[in-house]
Amino acid sequence: MGKNSWIALLLALVLLATTVPACAFGAESLSLEAYSEDDYGGLAPDPARPPREPGRPAGEGDNGGIAPTPDRTSNTSGRPAGEGDNGGIAPAPGQTPGASGRPAGEGDNGGVAPDPARTPNTSGRPAGEEDNGGVAPDPAQTSNTAGRPAGEGDNGGVAPDPARTPNTTGRPAGEGDNGGVAPSQPASSGPFKRKNLPAGKVVAGISLSADDHIAYAQGSGGLFPSFNPTRQVTRAEAAQMLYRLLPADAATSGAAYADVPAGAWYADAVTALASLGVLEAQDGMLDTGRPVTRGEFTRYIASFFPLRSDGELFPDVAENDPNAPFIRSAQAYGWAQGGSDGLFHPGETINRAAAVVLLNRALGRTADRTYIDQNHPAFYVDVAPSSWYYYDVMEATVPHRHTDSGDAERWTSHTARTAVPKDGVQLADGWLYCYDGARGDVVRETAVGTHYFNINGRFTTGNNDLDSWLHKIVLARTNDSQTQEQKLRALFLYTRDSFTYLRRPPYEMGVYDYMETDALRILETGYGNCYCYASLFWYLSRWIGYDATIYNGTVGVRRSPHSWVEINLNGKNYIFDTELEMAYRRKKRFDVNLYKFYDAGNSWNYRRPRQGGAQM
């Protein structure tokens, strides 16, 4: 054999040694008879579906195309297509690996990789948590397919403010912080130029209805709704809020505007307010998607009240500001207030929380805190009862009857919610919540069993990057039509088939400080060993509500260091070993099924540390 042949052979042996899991050698000495279904020494049958074809486990190719189908061809590496290539699904014909060198699909598969622009905030929680109504900000948000701007009726709000950051108190910037607005950014007051308006004049010609306490603002709907308190208010949404408060006999006319499609959810509102002189048009357009400034929103509200001139202007409101007469009037009434710095910040965009606080003050609507605390009329996942704007959001979004009691109001009844979640943990929009019917809210900042839920009621790993990954994976790999166990199966297949094995030194047996690091390692690089595979599947199974346990022990007669996951189902502990099943599949052993594997006789020699596994 020539020199070059010896070199080629040596390189092949090195490659084999670094890509075949060490734990697979220890388990390899087991014969087929040792894990037959008859004596429970090995393969446990798929609980949901029997095998469809001999030679491959049930569910392969049957669960959304996640696992490779039998007719899949091998890729250029010589391993079955789907392993580390694209989550077990064949890539698009033109798809090539990303620039990072990891398998195509990692970051290229439209939903699994996290938003590359998303970074953790200073609080250490996921970006967007409390900074954008509990939803990750979308800087590129545009109009929806109906041709209307995102706003009221689209997730309860408006286009996000990409520049918003939390204040130093840890709660969203808003009323009482800088005048109830977001940090300064350029904003146009539009072409409005009214000046020297006579005192006592009602610009709109009519007043808002303050007697019937209807819901003039809305959340997103669904079992776990959001209010998006820190998101900007657009002109369309501001108009919709005020339009709901117009008297039933209000006479308005609706002209046609180029940027207001017929049938748009906001069409009646913006055209009505334009006819009343509250919204101004420019070049035949109402610019309905533009965010509203604090000064503009004050003008809109003040246009429905007799104008007063006995108020004081805030130091940052110029006399020649077109909104100045209205801000002065609102200050005289007492419902326009500045922040802790004494400024009003008229050019700042106003968020939804500050908008309902301002409008409630103008209408004289004060939430009955005792009634709300006792009856829990509504909840929003992104509006915690500890939020400064919580009661104002309840006042604005819950229709209720009331009586006046001095300067306060007393609720006597309210319109009940049409849909209420079941008690316990539930997955919604890729997030895990735990609903507590006794308090009429999701569990917040509390651990339930092995799961910790944050201020927005969502289960969190405590790592914002990892939370982002897990959320996107669950959204991409599961759907609402699946049962919890079908989702578990889909996530098992995703973990088994989406990555490439890379040997690394083992950890000391019984040590459990690697899960967060190793889960992120395999997600970010596309490569990992048994500790990485087990860590990722452990987090994914917990993300959908399972009390999973991860073990750091050994496997096989050789006691190879190994990590795997176990879940107790109906009183039995089942093994879920994504990495070891992957290893056997690479050796063309498609008969080995380590999903929901019950090894009654311990013929595979899984050896657990004395102190047990980790659950949190």
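Quick note: numbers below take in every heavy atom, side chains included, and nothing from hydrogens, waters or symmetry partners.
For the residue pair T461 / D467, a side-chain donor-acceptor distance below 3.5 Å is found, with atom types taken as modelled. N463 and Y539 share no side-chain donor-acceptor pair at under 3.5 Å. With no hydrogens or angles considered, no side-chain donor-acceptor pair links S226 and N228 at under 3.5 Å. Side-chain atoms of Y514 and N552 form no donor-acceptor pair, as typed in the model, at a separation below 3.5 Å.
Nearest heavy-atom pair, K487 versus L427, reported as atom, atom and distance to 0.1 Å: NZ-CD2, 3.8 Å. Shortest non-hydrogen contact noted between P609 and Y551 is CD-CD2, 4.2 Å. Annotation for Y380 and G219: closest pair CE2-CA, 3.7 Å, computed over non-hydrogen atoms. A pairwise comparison of heavy atoms in N593 and R489 identifies OD1-NH1, 4.4 Å as the closest pair. A pairwise comparison of heavy atoms in D577 and S563 identifies OD1-O, 4.4 Å as the closest pair. Nearest approach of T349 to P291, heavy atoms of both residues: CG2-CB, 3.8 Å.
Taking SG of C532 as the reference point, atom CD1 of I522 lies at 5.5 Å (rounded to 0.5 Å). Between N573 atom CG and T549 atom OG1 the span is 7.5 Å, to the nearest 0.5 Å. Taking CD1 from I473 and CD1 from I544, the interatomic distance works out to 12.0 Å, rounded to the nearest 0.5 Å. To the nearest 0.5 Å, the span separating OH on Y452 from OG1 on T460 amounts to 8.5 Å. With rounding to the nearest 0.5 Å, the separation of CG in L580 from OG in S560 is 9.5 Å. Rounding to the nearest 0.5 Å places CG of L536 at 9.0 Å from CG of L491.
Using the six-membered ring where Trp is involved, Y533 and F499 have ring planes that are perpendicular, over 60° apart on the 30 and 60° scheme. Ring geometry for W543 versus H471: interplanar angle of 30 to 60°, hence tilted. Note: H562 and Y606 have tilted aromatic rings, judged against thresholds of 30 and 60 degrees for the angle between ring planes. The aromatic rings of Y435 and F379 sit tilted, their planes meeting at an angle between 30° and 60°.
Judged by distance alone, the side chain of E581 and the main-chain N or O of L594 form a donor-acceptor pair under 3.5 Å. Between the side chain of D465 and the backbone N or O of W469, no donor-acceptor pair lies under 3.5 Å. Panel note: side chain R542, backbone Q615; a donor-acceptor pair is recorded below 3.5 Å. Between the side chain of N456 and the backbone N or O of R458, no donor-acceptor pair lies under 3.5 Å. A distance-only check finds no donor-acceptor pair linking the side chain of S468 to the backbone of N464 [under 3.5 Å]. In this structure, R444 contributes its side chain and V381 its backbone to a donor-acceptor pair below 3.5 Å. Side-chain N or O atoms of S498 include none that pairs as donor or acceptor with a backbone N or O of T495 at under 3.5 Å. One N or O on the side chain of Q611 and one on the backbone of G510 form a donor-acceptor pair closer than 3.5 Å. Without hydrogens or angle criteria, E579 side chain to A534 main chain gives no donor-acceptor distance under 3.5 Å. Between the side chain of N479 and the backbone N or O of S481 there is at least one donor-acceptor pair closer than 3.5 Å.
Side-chain rings of Y433 and F453 stay apart, their centers remaining 6.0 Å or farther from each other. The six-membered or imidazole ring of Y595 lies near that of F576, with a centre-to-centre distance under 6.0 Å.
The side-chain heavy atoms of W604 and V592, taken from C-beta on, include a pair separated by under 4.5 Å. In this structure, the side chains of P229 and N351 stay at 4.5 Å or more apart for every pair of heavy atoms. Side chains of V425 and H451 form no contact here, defined as non-hydrogen atoms less than 4.5 Å apart. Between T230 and D382, the closest side-chain pair of non-hydrogen atoms is not below 4.5 Å.
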